[in-house]
Every structure is written in C-alpha cells, then in structure tokens.
> 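What follows is a structure written as structure tokens; I'll ask about it next.
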Amino acid sequence: MLFYLSKIFAGQLKKGEPYENLKKCIHVSILDFIHFEKDTKCYRTICFCDEKTGKKYTDLMEIQVLELKKLPPDIRSGDDLIKWMKFFGGKSRKEFAAMAKTDSYIEEAYKELEKLSADERAKLEYEARERAIRDYNSQMSSALRRGEQKGMERGLKRGMEQGLERGMQQGIQQGIQQGIQQGIQKGEHAALKRVIENMIKKGRSREEIAELLDLDLNEMTALTEEATDKVSD
C-alpha cells in the first residue's frame, strides 16, 4: 500500500515543477482476507497524524481499507456488493466487460480501468522505446570508439612502418653519398699528399709548396708534416 501510494504521489511532478502542484492521493484496498485481526471493523481510513494528539498532519495522502470478510452477512449477501466483489475478482478482460453490462457504476469503473490500463501500456511502450534507443546509441557509440581506436592503431602502425622504411632508404642513400664524398675527399687528400711528398724530396720549402698549390699555410703545415713523416719512414 505504502509503495504504490508513494509512487503515485511522487509521480505527479515533472522535472522542475513546484511541490504546490501535488494533489491528494488515496489508495483504496479491497481485501479478500482479514488484515487487521484485533477488531471487527470492516472499513477504515488511515492518514498521517500526530502520534500523541491524533491531530491530522496532512490530507494529501490517505489509505482506505475494506476487508470483505468482515462485512456483516446481510450486507455481504446484497446484490450490489456481490456484483462489485465479482468485478474486482475478475480474471480476464472478458469477465470485466461482462460485469460492466450489469451496472452503470461498474461500467464507469470498467471504462476507467481501461483508460488506466491504456495509459500504463503507453508508458511501458514509451519506456521500452527509450531503453531501446539508449541501448542502440550506447552500442553505436561503443562501436565507433572501438573503430576509431583500431583505425588509430592501424594508422600509427602503418605510419611507423612507412616512416621506418623511408628513413632506412634515406639513410642508405645518405650513407652512399657520404661514402662517395668521403672517398673522393680521401682520394684527393692522398693525391695531394703524394704531390707534397715529391716536392719535399726535391727540396721545396713549405712556403713554396703552399704558394704553388694555392693552400692555406696551416693546412699546408699539417700536410707537409704528414708527408715528411712518411718520407722519413
């Protein structure tokens, strides 16, 4: 009772609405068993009240309980009550529709039940659609993230492979070019030293050799020292 009453009461407000919009909610329980065993009262109203004074705290939430097994025999055998008991004890839509034809009040209650049932179905269908949409969006988002991650990994791997391959090719080419250049330089250097060696053997001075070969004096000094060492050896 408390669960359904609280759910209905709290479910009135939509997001952002003030508490002043709350309306009174009454939970009516028609029991086919005895719930309150210590008395013979068949009908009672329950509300929030001060425990000591008994003063009602609010009339916004209320519970009404009817225990059918406590009804006096003369009332229980009445035609109207029997109709209502059969109506509330219905097991299928066919039984409800049949009972609605026997009494205008029961017919009105049946229409209200149909309305409530339709609203509940619409609510469940809406919630099901919302869940389906959320699940779909979640799955698509997850798949997109996985696809992006795999794409990045593949792109990074491919880029590294291509970069490494290009780097190796460039390195090989640069190495070859540098080797050739160094070879040329070493060849020129060796040839120059041989010329200097011959000139030293012929008695030429460093200054004369530098002037003849158009070399810097410091560079000429280093080369003549190497040539001199070689000639001495």
Side-chain angles (χ1 to χ4, degrees), residues 1-140:
M1 296 177 192
L2 292 174
F3 173 78
Y4 287 110
L5 179 59
S6 300
K7 186 177 181 180
I8 294 172
F9 185 75
Q12 296 181 75
L13 294 184
K14 296 180 180 178
K15 186 176 181 180
E17 290 185 344
Y19 295 122
E20 288 77 8
N21 288 3
L22 289 170
K23 298 179 181 180
K24 184 174 182 177
C25 288
I26 302 175
H27 186 282
V28 180
S29 296
I30 301 176
L31 309 180
D32 193 28
F33 59 91
I34 296 177
H35 182 65
F36 300 97
E37 298 179 351
K38 295 183 179 181
D39 59 54
T40 58
K41 292 175 58 177
C42 61
Y43 172 77
R44 71 191 68 224
T45 300
I46 303 171
C47 62
F48 288 100
C49 65
D50 187 290
E51 192 175 74
K52 291 185 178 180
T53 65
K55 184 178 180 180
K56 183 182 291 188
Y57 172 71
T58 178
D59 63 349
L60 287 177
M61 297 179 73
E62 184 177 289
I63 298 175
Q64 295 185 12
V65 182
L66 174 63
E67 297 173 283
L68 296 178
K69 290 189 178 297
K70 287 184 178 180
L71 291 173
D74 55 337
I75 298 179
R76 289 182 63 183
S77 61
D79 292 339
D80 292 338
L81 183 58
I82 295 298
K83 290 178 182 178
W84 280 106
M85 289 177 65
K86 288 182 178 180
F87 178 73
F88 285 116
K91 304 297 183 181
S92 65
R93 180 180 294 273
K94 184 177 180 180
E95 291 182 17
F96 283 121
M99 288 302 302
K101 297 177 181 179
T102 63
D103 186 277
S104 59
Y105 294 106
I106 294 179
E107 182 180 12
E108 186 176 348
Y110 174 64
K111 290 180 180 179
E112 188 64 25
L113 283 176
E114 282 191 316
K115 180 181 177 182
L116 292 174
S117 178
D119 292 343
E120 184 66 18
R121 283 198 302 271
K123 180 181 178 181
L124 293 175
E125 290 173 0
Y126 170 78
E127 292 176 349
R129 286 196 301 271
E130 287 295 303
R131 283 197 301 272
I133 292 172
R134 285 195 300 268
D135 292 345
Y136 173 78
N137 290 337
S138 177
Q139 292 170 2
M140 291 299 294

> Between Leu5 and Glu62, is a side chain to side chain contact (heavy atoms under 4.5 Å, CB included) present by the stated rule, with each step listed?
CA-CA 8 Å; Leu5 179 59; Glu62 184 177 289; over 6 Å; no
> Measure the spacing between CZ of Phe48 and CG of Leu60 and express it to the nearest 0.5 Å.
10.0 Å
> Has Gln12 got more than 12 heavy atoms of other residues, nucleotides or ligands less than 6.0 Å from its CD?
yes
> Is there a side-chain contact between Val65 and Leu31 in this structure, where contact means two heavy atoms from C-beta onward sitting under 4.5 Å apart?
yes
> Flag the pair Asn21 / Leu13 as yes when at least one side-chain heavy-atom distance between them is below 4.5 Å, and no otherwise.
yes
> Which of these, Ile30, Ile34, Asp32, sits in a side chain to side chain contact (heavy atoms under 4.5 Å, CB included) with Glu67?
Ile34
> Quick one, Asp50 and Tyr57 - any side-chain contact, counting heavy atoms below 4.5 Å?
no
> When you compare the side chain of Leu66 with that of Val28, does any pair of heavy atoms fall below 4.5 Å?
no
> Any ion pair linking Asp39 and Arg44 (charged N to carboxylate O, less than 4.0 Å)?
yes
> Please report the shortest heavy-atom distance between Cys49 and Gly54, naming the atom on each side.
CB-O, 3.8 Å
> Rounded to the nearest 0.5 Å, what separates atom NZ in Lys23 from atom CD1 in Ile8?
14.5 Å
> Distance check, rounded to the nearest 0.5 Å: Gln64 atom CD versus Ser29 atom OG?
9.5 Å
> Would one find more than 12 heavy atoms of other residues, nucleotides or ligands at under 6.0 Å from atom OH of Tyr43?
yes
> Decide yes or no for Lys69 and Cys42: does some side-chain heavy atom of the first lie under 4.5 Å from some side-chain heavy atom of the second?
no
> Return yes when atom CD of Glu37 has more than 12 non-hydrogen atoms of other residues, nucleotides or ligands closer than 6.0 Å, and no otherwise.
no
> Would you say CZ of Phe33 has more than 12 non-hydrogen atoms from neighbouring residues, nucleotides or ligands within 6.0 angstrom?
yes
> Side-chain contact test, heavy atoms from C-beta onward, threshold under 4.5 Å: evaluate it for Cys25 versus His27 and give yes or no.
no
> Counting only heavy atoms not in Lys24, do more than 12 sit closer than 6.0 Å to its NZ atom?
yes
> How long is the span from the OG1 atom in Thr45 to the NZ atom in Lys56, to the nearest 0.5 Å?
8.0 Å
> Can you tell me if Lys70 uses its side chain to pair, donor with acceptor, with the backbone of Phe36 under 3.5 Å?
yes
> How many angstroms lie between OG1 in Thr58 and CG in Leu22, if you round to the nearest 0.5 Å?
9.5 Å
